[in-house]
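Just so you know, ligand 1 is whichever comes first in the structure, and atom 1 is the first atom listed for that ligand. Values below: all heavy atoms of this structure, side chains included; hydrogens, waters and symmetry mates excluded.
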Amino acid sequence: MTVPERGELLRAPLFHTPRNPFLQDRALESHGDGGLLIRDGRIAACGDFEAIRGAHPDATTKDLRGGFLLPGLIDTHIHFPQLRVLGGLGRTLLDWLEECALPEEARMADQSYARDIAREFVHALASHGTTTALVFGAHFAAATAALFEAGESCGLRIVAGMVLSDRQLRSELHQTPEAAYRESSNLIRCFHGRGRLLYAVTPRFALSTSEAMLEVCQTLQREHEGLRFQTHLNENPREIAEVIRLFPWAPDYLAVYERFGLGGRGAVMAHNVHTTASELERLAVAGTAIAHCPCSNAALGSGLFALRPHVNAGVRIALGTDVGGGTGFGMLKEALQAYLLQRVAPDGAMLDAAQMLYLATRAGAEALGLEHEIGDFQVGKAADVVYLKPPEGTPLAAVLERTETPEQTLAAIFTLAGAESIREVRVEGTIVYK
Ligand code: GUN
Ligand code: ZN
């Protein structure tokens, strides 16, 4: 007979967004003296500490006052083989790919190198408070397997796939559609649904995939239940012009993917900076999510994201760091950058702290079709939790002495908290980083 677990009661101010603050008022829930009861890896209660302790006197209290609890951060767009090309400033997308990203991605043919990067990569995710990530794997099956294995041993939720391309890149990164089908099928059988891992069919972008390769993607999606999908869309004007030249029958970029049935719930397309009203309408109807990557959009000079038109059209949006076109692994920084770019965008939205938290957590869960499991602290969900505490003597510690409302506290965290403030990270109640 198993003894029921009495549970662990974390005591600290806590914040989460169980509702969408772009659609509903008062979507932010916070508790200044918060309690989060974790039992068997799930959220058993969330609310005021004293009330929860009264109802669950057997639980073991862990006093974390001085810091804050947030739901695990969810990164919906990031490239595993690009960790070591972070910082390649001064280029736009196509030059950056050729000069910075693709030479490093070719190195993933070396399995032992790929294993080293995979370990560094999952550690970087966890140490920045990211508990779930939708990841572009490598163009090589063994390196992609190394990513899944590293994610599994770290305990993170990794949704990833082998990157598929058969033209326009360097030849070492191309597969034939037949090899792409065979190797993707093997990876799906091995990793999809294993523990916390899920598989995402991953054509790099329309520019580097023939119609035959996009057909392979469609076949894989049809043959396996519950696969996710990821690619790039409308990032850069030169890229878009090339896509339209290569697919002359397509009225716009999105139509290329639509022709092969690629999109819908559980599909995430990165960027969509240069979009059209028609594409927004079709994305909303299909339920395809856009991963907004504001650090990357600024670093690569891709442009200003039309956040308000996406929201008004009803398109799902979440956030991605886009390592290595972006500027690092921090999802709090990414949310701040979204705020900053909206401040300078013509007709930009004024994001508030609740919207920033939602974009960095629950929105990602919704984009991935995992909102029943993660994204906030509702009872029954997995206990994916970030504990943040600014080091003494830092500006954030000083500012937090002064803040008076939950919104002010959260805004200060987004503005000033970096990896040095991430103290403990849990997935399903288990500590994956401390
Ligand atoms: N489009 C195709 N590949 C990439 C990539 O690696 N990074 C970004 N930002 N855009 C892409
Ligand atoms: Zn990308």
- Message: I'd like the atom name of the N/O/S atom in Asp322 lying closest to the Zn ion (ligand 2).
- Response: OD1

- Message: So that I can tick it off, tell me whether Asp252 and Arg282 are bridged by a salt bridge, with the cut-off set at under 4.0 angstrom between side-chain N and carboxylate O.
- Response: yes

- Query: Taking the N/O/S atoms of His79 one by one, which is nearest to the Zn ion (ligand 2)?
  - Reply: NE2

- Query: Going by atom types alone, do Gln218 and Tyr257 pair a side-chain donor with an acceptor below 3.5 Å?
  - Reply: no

- Side chains of Arg362 and His16: is there a donor and an acceptor less than 3.5 Å apart? no

- Message: Can you work out which protein residues put a heavy atom within less than 4.0 Å of ligand 1?
- Response: His79, Gln82, Leu93, Trp96, Leu97, Arg204, Phe205, His232, Glu235, His271, Leu300, Asp322

- In this structure, CG of Asp166 is separated from CG of Leu214 (nearest 0.5 Å) by 8.0 Å

- Residue His271, metal the Zn ion (ligand 2), N/O/S under 2.8 Å: no

- Lys/Arg cation over aromatic Phe247: Arg167, 6.0 Å, 45° cone: yes

- Item | Which atom of His232 approaches the Zn ion (ligand 2) most closely (N/O/S) | NE2

- Query: Around Glu281, counting heavy atoms of other residues, nucleotides and ligands shown, do more than 12 lie under 6.0 Å from its CD?
  - Reply: no

- Query: Can you find a side-chain donor-acceptor pair between Glu104 and Gln82 that sits under 3.5 Å?
  - Reply: no

- Item | Glu239 and Tyr253 side chains, donor-acceptor separation under 3.5 Å | yes

